[in-house]
Amino acid sequence: MDRKQDAREVAWLQAARDGDREAFSRLVERYQRPVFGLCYRMLNDAQAAEDAAQETFLRAYRHLQRYDMRRSFATWLLSIAAHHCIDLLRRKRLATVSLDDEANAWRPPVEPGLSPEAQVIRRQREEQLRALLASLSPKDRAVVVLYYWYDCSCGEIASTLSLTESAVKSRLFRARRELAERWLAQQEQELPQPATEGVGCESSAI
Amino acid sequence: MSHLQFERWLLDSEGLSGEQQRALEAHLEACPRCRQMQAGMRGVEALFGTLDLPEPRPGFARRWEMRLDAYLRAERDRRYRRQVGLSLFVLLVAVVGLAVVFTLQLVGVTAAWVDVLVGALYRLFAVLSVLGAWQNLFSILWKAIGHWIPPVLWGSLFAMAGALSALWLGWLARWVTLSRRVSL
Ligand SMILES: [Zn+2]
């Protein structure tokens, strides 16, 4: 994701620090997607992700004076969001979302251009991903999400999650082994296979 | 080279040198377990690659502004309650202080504050030391008597003490009602 701050963003940040709510709202509009996305991948639930993302922006607003303007604002926000989600998961508030809750929870809309079959496949893949990520500890999950969906380097993940770079590397190694084993187990249970075209992930958050 | 080393190469985030890549490929040819791990990792990464990050529900920023409003309102209320509480506390302290001064003047105590405090503490210590002495005395007696009085006798002693207390309480109650009637 783009972590460079342009002049407009710096001006919004400065104005928000001086108490301009309107300026902070611009920042919310700009960063709602990456913050919500991280919360969604962490918590696996749209309503919980909405709450966590709102809470992230509220915390950022309250502690804006502590923000170091030399750091990337996006990284700072993601750090708040990741720590908040890790806390939530550790407190086990969201450890087990019942099936009823899942059925009633708001889900992100599927792309309108998709055919019904493609939508079914997408939903199955989301389900498969949900099961894979659920097998990881909260911190390992944050490492994996930041690495694959935000294109963060191990150094950036380390500063986002308050870890050392070597700790990030060993967590990533452990998580990948766990994910690969889970994926193989899923295949054995004859779950719908994902398309295997192209290896890697270049999706960008913004 | 150990099997674990190849697994590490498969799963590590860092790139491999040409020589390492060749060694890994040779190992994969011969090792079904590592081949499976590679297939698993490829499957996981392919799955990740097909799923973008979901977007929040439309109107996120507006909902955030409402949440901020609610937070600021709650914060204002909390501050207001804290101020009221503090004011009440100061008022209470002032009232109690004035009451003490007024009472002391009424009783005619003109001694300095320190003298009054020292006197009160001295009396408190005196009472405590007397209580301590009584406790010592009773514990010695208890130990001495405890050895040569059988449990049956203890039981009857306590029963007698209980009966006497009940009698005394009954007498006290009658005396109170009688005195009330007299005063009426
Ligand atoms: Zn092997």
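Convention: sequence-line order gives letters A, B, ...; per-chain numbering from 1.
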Exercise for the section: Start with the C-alpha gap between B/R8 and A/F173, add the side-chain angles, then the distance that decides, and say whether side-chain contact (heavy atoms from CB on, under 4.5 Å) holds. Expected result: CA-CA 8 Å; B/R8 190 158 281 280; A/F173 171 79; 3.6 Å; yes

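- Rounded to the nearest 0.5 angstrom, B/L47 CG and A/Q186 CD are separated by 7.5 Å.
- Contacts of B/E75 with chain A are absent, with no heavy-atom separation under 4.5 Å from either backbone or side chain.
- With a 4.5 angstrom heavy-atom cutoff, A/R26 does not touch chain B via any of its atoms.
- Taking every heavy atom of both residues into account, A/A180 and B/M41 meet most closely at CB-N, 3.7 Å.
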Exercise for the section: Determine, stepwise, if the pair B/L68 / A/Y61 fulfils side-chain contact (heavy atoms from CB on, under 4.5 Å). Expected result: CA-CA 9 Å; B/L68 179 63; A/Y61 182 83; 3.6 Å; yes

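- Taken from CZ in A/F57 to CZ in B/F60, the straight-line distance is 5.0 Å, to the nearest 0.5 Å.
- At a 4.5 Å heavy-atom cutoff, A/V145 makes no contact with chain B through either its backbone or its side chain.
- Chain B forms more heavy-atom pairs under 4.5 Å with one residue of A/R182, A/E29, A/R41, A/R174 than with any other, namely A/R41.
- Of the two parts of B/R63, the backbone and the side chain both hold a non-hydrogen atom closer than 4.5 Å to a non-hydrogen atom of chain A.
- Heavy atoms from other residues, nucleotides or ligands lying under 6.0 Å from CZ of B/R33 number 12 at most.
- Using a 4.5 Å cut-off between heavy atoms, A/A53 contacts chain B through both its backbone and its side chain.
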Practice task
Might you work through the side-chain contact (heavy atoms from CB on, under 4.5 Å) test for A/E181 and B/V44, ending with a clear yes or no?
Solution key: CA-CA 10 Å; A/E181 281 167 358; B/V44 167; over 6 Å; no

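- Here the closest heavy-atom approach between residue A/R176 and residue B/L11 is recorded as NH1-O, 2.6 Å.
- Note that the OG1 atom of B/T50 and the CZ atom of A/R125 stand 4.5 Å from one another [nearest 0.5 Å].
- Outside the 6.0 Å centre-distance limit, the rings of A/W183 and B/F48 are not counted as a close aromatic pair.
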Practice task
Take B/D69 and A/R21 through the test salt bridge (charged side-chain N to carboxylate O under 4.0 Å, His left out) and record every step on the way to the result.
Solution key: CA-CA 10 Å; B/D69 281 337; A/R21 273 183 59 175; 2.7 Å; yes

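- Chain B is approached within less than 4.5 Å, heavy atom to heavy atom, by no residue from residues 157-168 of chain A.
- Remark: side-chain polar atoms of A/W149 are not paired, donor with acceptor, to backbone N or O of B/G49 under 3.5 angstrom.
- Of all non-hydrogen atoms in A/D51 and B/R67, the two that sit nearest each other are O-NH1, 3.6 Å.
- In this structure, CZ in B/R57 is found 12.0 Å from CD in A/Q32, a value given to the nearest 0.5 Å.
- Smallest separation of non-hydrogen atoms from A/F36 and B/E55: CE2-O, 3.4 Å.
- Around the CZ atom of B/R62, the shell of radius 6.0 Å holds no more than 12 heavy atoms that belong to other residues, nucleotides or ligands.
- Only the side chain of B/Y71 comes within contact range of chain A, judged by heavy atoms closer than 4.5 Å.
- Within residues 132-140 of chain A, the residues that have a heavy atom under 4.5 Å from a heavy atom of chain B are A/L132, A/L133, listed by number.
- If you measure heavy-atom distances from A/L184 to chain B, the contacts under 4.5 Å come from the side chain alone.
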